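Each remark here refers to the structure printed beneath this line.
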Amino acid sequence: MLCLLDSDEVARLASVGLVLSHIGMDGGSTEYLTLGIFLVAACLFALMPLGLARLWAWRFAPTKPGPVKNSIYECGLESQGDAWRPFKSAYYLYAIVFLVFDVEIVFLLPFAVAFGGLPLGAVLAMMLFVLLVVEGLLWAWAKGVLRWS
Amino acid sequence: MDVGLRSELQRHGIFVTTLEELYNWGRSNSLWPLGFGLACCAIEMIAASMARYDLARFGAEVFRPSPRQADLMIVAGTVTKKMAPQVVRLYNQMAEPKYVIAMGACAISGGPFKQGYNVLKGIDRYIPVDVHIPGCPPRPEALIHALMTLQQRIAAESLVGPNRPRHLRRDQPGEFPVPEYGSHDLIPPKNESIWRPPVIVRSG
Ligand code: SF4
């Protein structure tokens with residue numbers, strides 16, 4: 001089957017999966033076969049070391065969990081209280097306002113660089129985008145988030 | 001396998017090995033120390049890991065900030081009684097297999113501060129130490145020597161059989177009791193199962 005492919009096409013096939021898909025069915029469904037084979041290979045690649053480690057532990061090295069070993073690592077000190085405790089919710093507003101500026105700067109910089117050669121439509125679209133983001137800032141401002149109390 | 005046969009094969013470009021050797025070879029050349037210094041000896045440990053002495057040549061330059069990723073604890077410096085429980089807890093939190101190098105006179109015996117009321121007279125009272133390095137402080141070369149000694153010991157470990165090391169035995173503990181602060185001393189002052197005071201035998 002393989003010899004039906006011309007040589008540079010074979011060279012282009014980087015993996016066994018691709019070769020297999022050519023051997024297999026013809027038509028549109030082969031694309032998904034390739035994907036499937038890659039999916040299985042990827043899962044095996046990830047799971048095999050874990051399985052081997054399990055096997056190794058079972059055969060040679062017994063696992064030895066213990067209360068101190070499993071406890072939370074805190075620089076050698078005993079941990080104080082639970083790690084799953086609530087954080088002050090006011091911080092989520094910080095995250096949101098940060099996002100406003102962050103997203104803005106990501107787009108503003110290329111916008112500024114390309115500003116000279118932009119068509120009118122692009123400028124208007126960009127202005128609309130900036131307005132949308134500024135609207136978020138205005139909302140935060142009106143809500144009094146910018147003032148820490 | 002017979003040593004003669006192996007070297008004969010090797011001469012013809014055929015390398016034979018065992019699972020045990022391969023495993024130990026990998027482990028001994030990737031000892032990851034815990035980034036952990038207690039006193040002046042730690043400076044020498046840092047020097048050993050830097051470019052001039054270059055611990056990386058032995059695969060041990062990856063100082064880990066968490067005991068979960070480390071398999072070598074270099075006790076570098078004076079262990080005070082205040083610090084000892086933390087050292088033992090860190091050791092307990094390391095994953096098996098784990099090894100300990102006691103670096104310097106302080107970690108071995110209390111060193112120049114042996115008479116001090118707050119200094120532990122050797123970390124081997126609480127955790128099993130694999131290699132002791134004398135010196136105050138030991139030079140980086142001494143640390144490298146200790147590391148090589150440890151590598152040789154690891155390379156000689158067997159996977160099965162009665163001589164297999166502690167971490168491969170189901171009946172041996174993976175954790176050692178963490179001492180607590182008492183009114184005068186740590187409680188208990190030593191772990192009886194791994195450390196006993198030397199017996200003085202008078203002759204004549
Ligand atoms: S052995 Fe010497 S150099 Fe090392 S920690 Fe003790 S006093 Fe410092």
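The shown structure was predicted, so the numbers you read here are calculated from the model rather than taken from an experiment. Note on naming: letters A, B, ... go to the chains in the order of the sequence lines (proteins, then strands), and numbering restarts at 1 for each one.
- The backbone N or O of A/K69 lies less than 3.5 Å from a partner atom in the side chain of B/E175, making a donor-acceptor pair.
- The most heavy-atom pairs under 4.5 Å with chain B, out of A/G76, A/A61, A/C75, come from A/G76.
- Only the backbone of B/M94 has a heavy atom closer than 4.5 Å to any heavy atom of chain A.
- Atom CH2 of A/W141 is surrounded by 12 or fewer heavy atoms from other residues, nucleotides or ligands within 6.0 Å.
- Of the atoms belonging to B/R164, not a single heavy atom falls under 4.5 Å from chain A.
- Sparse packing is recorded around CH2 of B/W25, with 12 or fewer heavy atoms of other residues, nucleotides or ligands lying under 6.0 Å away.
- Considering CG of A/L77 and CZ of B/R89, their distance stands at 7.0 Å, rounded to 0.5 Å.
- Comparing B/L159, B/V178, B/V160, B/V87 by heavy-atom pairs within less than 4.5 Å of chain A, the highest count is held by B/L159.
- Looking at B/P65, the atoms closer than 4.5 Å to chain A (heavy atoms on both sides) all sit in the backbone: N, CA, C or O.
- More than 12 heavy atoms of other residues, nucleotides or ligands sit less than 6.0 Å from atom CD of B/E141.
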**Asked** Where do A/V68 and B/F176 land on the side chain to side chain contact (heavy atoms under 4.5 Å, CB included) test, with the steps shown first?
**Response** CA-CA 9 Å; A/V68 182; B/F176 292 86; over 6 Å; no
**Prompt:** Can you check side chain to side chain contact (heavy atoms under 4.5 Å, CB included) on A/F60 and B/Y23, steps first, answer last?
**Reply:** CA-CA 11 Å; A/F60 296 112; B/Y23 174 62; over 6 Å; no
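- Interface residue B/P173: only backbone heavy atoms are found under 4.5 Å from chain A.
- Residues passing the salt bridge (charged side-chain N to carboxylate O under 4.0 Å, His left out) test with A/E74, sequence neighbours excluded: none.
- Applying the 6.0 Å contact sphere to CZ of A/R54 captures no more than 12 heavy atoms from other residues, nucleotides or ligands.
- Within 6.0 Å of CD on A/E78 lie no more than 12 heavy atoms contributed by other residues, nucleotides or ligands.
- Closest approach of A/Y73 to B/Q93, counting heavy atoms only: CD1-OE1, 3.4 Å.
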**Item:** Worked verdict on A/K64 versus B/R170 for side chain to side chain contact (heavy atoms under 4.5 Å, CB included)
**Value:** CA-CA 8 Å; A/K64 291 176 184 169; B/R170 204 169 286 279; 6.0 Å; no
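- Applying the 6.0 Å contact sphere to CZ of A/F101 captures no more than 12 heavy atoms from other residues, nucleotides or ligands.
- In this structure, chain B has heavy atoms under 4.5 Å from both the backbone and the side chain of A/S71.
- A distance of 10.0 Å separates CG in B/L19 from CZ in A/R59, rounded to the nearest 0.5 Å.
- For B/R52, the CZ atom counts as loosely surrounded, since its 6.0 Å shell holds 12 or fewer non-hydrogen atoms of other residues, nucleotides or ligands.
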